[in-house]
Amino acid sequence: MSELYTKVLIIGSGPAGYAAAIYAARANLAPIMVSGLEPGGQLMITTDVENYPGFADVIQGPWLMEQMRLQAEHVGTKIIQEQIVDVDFFSRPFICHGEGGTVYKAETIIIATGAQAKWLGLESESKYLGFGVSGCATCDGFFFRGKEVAVIGGGNTAVEEALYLTNHASKVTLIHRRDKLRAEKMLQERLFKNPKIHIIWDHVVDEVLGEDNPLAVTSVRLKNTLTGATQVLSIDGVFVAIGHIPNTKIFKGKLDLDDEGYIIGSPLSSETSIEGVFSAGDVRDKVYRQAVTAAGMGCMGALDAASFLQDRGIT
């Protein structure tokens, strides 16, 4: 069993983790990042990225994550591809256990484990992911200008996505498995008043249909939850908006989390309920969920960690 010590331990990668690593390394804090078994976060399954500042042309999500990783390493971050399976926030330094048996001791910790979108679980959904199937209207709505799209879900996320997509799409069809929405009444009122939005009640997506060469969504087969009858709806894109799951399982009972599992913290800093433990990105942000906001929060986490160490004379 090996043991590693660091002033700053970053758990997770993606824009938040890599930005935290870059800033911490440039502050001469020699951070260690435990990137998880699938480094890069949700951008690793995002194809075209047009809204990350600094790139005039379309870039690929995996390429952007590779560049961030290389930058973090270049400025001095040690990156270990391992999964943290247990944490002890009551010891000083903090103690984290890796799946491979490595014990990490850290004066500060930045949690950047992100969140993952909930999916329908269809094979056809996975097939067209990034080719007409998306989990983020803000990220991909621009690609559906003047086209017809469907949004799946009935909560706040689904209604907000549907309303946002009316800025781009010619028609938005909201598909919900029940006969009433769970979203807030104010959002529902805005939805019902929007002439671009059509609602199909009591239906679920049975299969995503499309072309193979090149991959492109052309329609969805819907199933009535009451009668079992099916119908095919012609659309150009499918936005799955049934929520997200923050990757905070190992922090339950050790940090303050809200009812959905997101880390609770101050909106003006990256602090958590434990002094010296900070968080950044989608693991605490359920509103914006963008790469650029995650990266900004990663910067905040590194600066907050540096201030924490400086205030305590840890050099």
Side-chain angles (χ1 to χ4, degrees), residues 10 12-23 33 35-36 38-74 77 79 112-119 125-147 149-152 157 160-162 164-169 172 208 210 214-217 236-241 243-247 280-301:
I10 300 163
S13 47
Y18 288 135
I22 291 164
Y23 274 81
M33 169 186 280
S35 65
E38 297 179 355
Q42 296 185 70
L43 273 181
M44 295 302 290
I45 57 170
T46 303
T47 50
D48 293 347
V49 176
E50 276 194 328
N51 58 2
Y52 198 87
F55 301 95
D57 296 324
V58 177
I59 58 173
Q60 302 298 300
W63 177 86
L64 179 59
M65 289 301 90
E66 180 187 18
Q67 295 302 303
M68 286 191 180
R69 177 183 62 80
L70 291 172
Q71 185 178 4
E73 288 179 320
H74 176 72
T77 304
I79 299 179
T113 47
Q116 49 192 316
K118 294 179 183 177
W119 297 101
E125 173 190 49
S126 299
K127 176 180 178 180
Y128 291 104
L129 185 61
F131 298 93
V133 173
S134 171
C136 178
T138 311
C139 310
D140 300 326
F142 183 77
F143 300 112
F144 294 89
R145 288 167 294 174
K147 298 183 178 181
V149 300
V151 175
I152 316 302
T157 299
E160 288 168 353
E161 299 266 279
Y164 175 82
L165 285 166
T166 60
N167 296 319
H168 302 289
V172 178
V208 180
L215 285 172
V217 169
D236 301 295
V238 182
F239 289 83
V240 181
H244 287 74
I245 304 172
N247 297 318
D282 289 8
V283 76
R284 64 179 289 161
D285 171 25
K286 65 175 77 173
V287 178
Y288 302 105
R289 300 196 306 269
Q290 298 299 300
V292 66
T293 51
M297 294 173 74
C299 165
M300 292 168 60

Between Thr113 and Asn247, does any side-chain donor sit less than 3.5 Å from a side-chain acceptor? no
Check your understanding: Does a side-chain heavy-atom distance below 4.5 Å link Glu66 with Leu70?
Key -> yes
Heavy-atom nearest pair, Leu165 first then Gly141, reads CD2-CA, 3.7 Å
- Task: Check for a donor-acceptor pair, side chain of Asn167 on one end and backbone N or O of Tyr164 on the other, with a separation under 3.5 Å.
- Result: yes
Rounding to 0.5 Å, atoms CG (Leu215) and OH (Tyr128) come to a distance of 6.0 Å
Nearest heavy-atom contact between Val49 and Gln60 is CG2-C, 4.3 Å
Closest heavy-atom pair, Val149 versus Ala169, reported as atoms and distance to 0.1 Å, is CG2-CB, 3.9 Å
*Are Met65 and Pro15 close enough that some pair of their side-chain heavy atoms sits under 4.5 Å apart?*
yes
Nearest heavy-atom contact between Cys299 and Ala19 is N-CB, 4.2 Å
dist Leu43:CG -> Cys136:SG (nearest 0.5 Å) comes out at 9.5 Å
Less than 4.5 Å apart, any side-chain heavy atom of Val208 and any of Lys127? no
Result for ring-ring contact (aromatic ring centres under 6.0 Å, His included) between Phe239 and one of Phe144, Phe143, Trp119 points to Phe144
query = Would Arg289 and His244 count as a side-chain contact (heavy atoms from CB on, under 4.5 Å) if you check the C-alpha gap in whole Å, the side-chain angles of each, and the deciding distance to 0.1 Å?
reply = CA-CA 10 Å; Arg289 300 196 306 269; His244 287 74; 3.3 Å; yes
Rounding to 0.5 Å, atoms CG (Asp282) and CD (Gln116) come to a distance of 11.0 Å
- Would you check if the side chain of Thr157 reaches a backbone N or O of Gly243 as a donor-acceptor pair within less than 3.5 Å? no
- Query: Where do His168 and Lys147 land on the side-chain contact (heavy atoms from CB on, under 4.5 Å) test, with the steps shown first?
  - Reply: CA-CA 8 Å; His168 302 289; Lys147 298 183 178 181; over 6 Å; no
Interatomic distance, CZ@Phe142 vs CG@Asn51, rounded to 0.5 Å, equals 10.0 Å
Closest non-hydrogen contact found for Ala241 with Val151 is CB-CG1, 4.1 Å
If we ignore hydrogens and angles and just use 3.5 Å, is the side chain of Glu73 paired with the main-chain N or O of Gln71 as donor and acceptor? no
Interatomic distance, CE@Met68 vs OG1@Thr77, rounded to 0.5 Å, equals 13.0 Å
Output for pair (Arg69 CZ, Met33 CE), nearest 0.5 Å, gives 10.5 Å
**Report entry** Phe55 atom CZ, neighbour heavy-atom count above 12 within 6.0 Å
**Finding:** yes
Indicate yes or no: at least one non-hydrogen side-chain atom of Phe131 is less than 4.5 angstrom from one of Val217. no
When every non-hydrogen atom of Ile10 is compared with those of Ala20, the smallest separation belongs to CD1-C, 3.8 Å
